[in-house]
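In what follows, a structure is listed as structure tokens, so that the remarks can point back to it.
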Amino acid sequence: MYHQIQSATASINCPVCQHTVLDWTQEQYIQPCQHTQFIALDLGFEYILDDFEDCLPNPVDVIHAQELNVWDNLKDVIQDLDVYQMPLGVLEYSRYIGFKKG
């Protein structure tokens with residue numbers, strides 16, 4: 001399932017355990033839970049679970065080194081995830097957060 005969030009500063013809770021995964025009030029604003037598969041920007045990954053990286057068509061190091069489009073590498077492997085997209089607040093860039101369904 002795909003969810004569009006309108007705010008670049010919204011906190012995001014895991015839909016399974018309700019843990020706050022993205023919390024802008026904290027210095028360490030990214031706090032993945034056991035259901036978090038990835039947190040990515042159009043520019044690269046902020047967090048990725050090793051098992052999920054194995055599903056990607058390209059390894060994260062290659063995506064970053066070759067500046068490949070992150071969404072292009074995600075869109076074919078997220079069918080079984082809850083994915084949240086939110087604006088990054090810079091140009092037309094987005095942040096994506098993928099959760100394993102409970």
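Residue numbers start at 1 and run along the sequence shown.
- Of all heavy-atom pairs spanning A40 and V70, the tightest one is CB-CG1, 3.8 Å.
- Side-chain atoms of T25 and D23, non-hydrogen and from C-beta on, do get closer than 4.5 Å to each other.
- Nearest heavy-atom pair across Q31 and Q28 is NE2-O, 3.0 Å.
- For H35 (side chain) and Q18 (main-chain N/O), no donor-acceptor pair under 3.5 Å exists by modelled atom type.
- In this structure, the side chains of L56 and L74 come closer than 4.5 Å at one or more pairs of heavy atoms.
- A 4.5 Å side-chain heavy-atom check between F99 and N13 finds every atom pair outside the cut-off.
- Using modelled atom types, one side-chain atom of W24 and one backbone atom of A10 make a donor-acceptor pair closer than 3.5 Å.
- Put simply, CD1 on I78 and SG on C55 are 12.0 Å apart, with the number rounded to the nearest 0.5 Å.
- A single hydrophobic cluster is not seen to contain both I97 and M1; linkage of ILVMFWY side chains at heavy-atom distances under 4.5 Å, directly or through other members, places them apart.
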Could you walk me through whether D82 and H3 pass the side-chain contact (heavy atoms from CB on, under 4.5 Å) check?
CA-CA 8 Å; D82 277 325; H3 309 272; 3.7 Å; yes
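- Within the 3.5 Å criterion, the main-chain N or O of V60 finds a donor-acceptor partner in the side chain of E53.
- For the pair T20 and S11, the tightest heavy-atom approach, listed with the atom from each and the gap, is CG2-CB, 4.3 Å.
- Using modelled atom types, one side-chain atom of D42 and one backbone atom of S94 make a donor-acceptor pair closer than 3.5 Å.
- Proximity of Y84 to I39: side-chain heavy atoms (C-beta onward) are nowhere separated by under 4.5 Å.
- Surrounding CG of D54 are more than 12 heavy atoms belonging to other residues, nucleotides or ligands, all under 6.0 Å away.
- Taking CD from Q37 and CG from D50, the interatomic distance works out to 11.0 Å, rounded to the nearest 0.5 Å.
- Among all heavy-atom pairs drawn from A8 and G89, the shortest one is CB-N, 4.1 Å.
- Side-chain atoms of E67 never come within 3.5 Å of backbone atoms of H64 as a donor-acceptor pair (strictly under, hydrogens ignored).
- Put simply, F52 and V62 are part of the same group of oily side chains (I, L, V, M, F, W, Y) that touch within less than 4.5 Å, one to the next.
- Linking Ile, Leu, Val, Met, Phe, Trp and Tyr whenever their side-chain heavy atoms come within less than 4.5 Å puts L22 and L49 in one cluster.
- Separation of atoms CG (L41) and OH (Y93) is listed at 10.5 Å; rounding is to 0.5 Å.
- More than 12 heavy atoms of other shown residues, nucleotides or ligands fall within 6.0 angstrom of atom CD in Q79.
- Both M86 and Y47 are part of a single hydrophobic cluster, where members link through side-chain heavy atoms under 4.5 Å apart.
- Taking all atoms of both residues into account, the shortest heavy-atom contact from N69 to N73 is O-ND2, 3.0 Å.
- No side-chain heavy atom of R95 sits under 4.5 Å from any side-chain heavy atom of I12.
- In this structure, the side chains of Y96 and K75 stay at 4.5 Å or more apart for every pair of heavy atoms.
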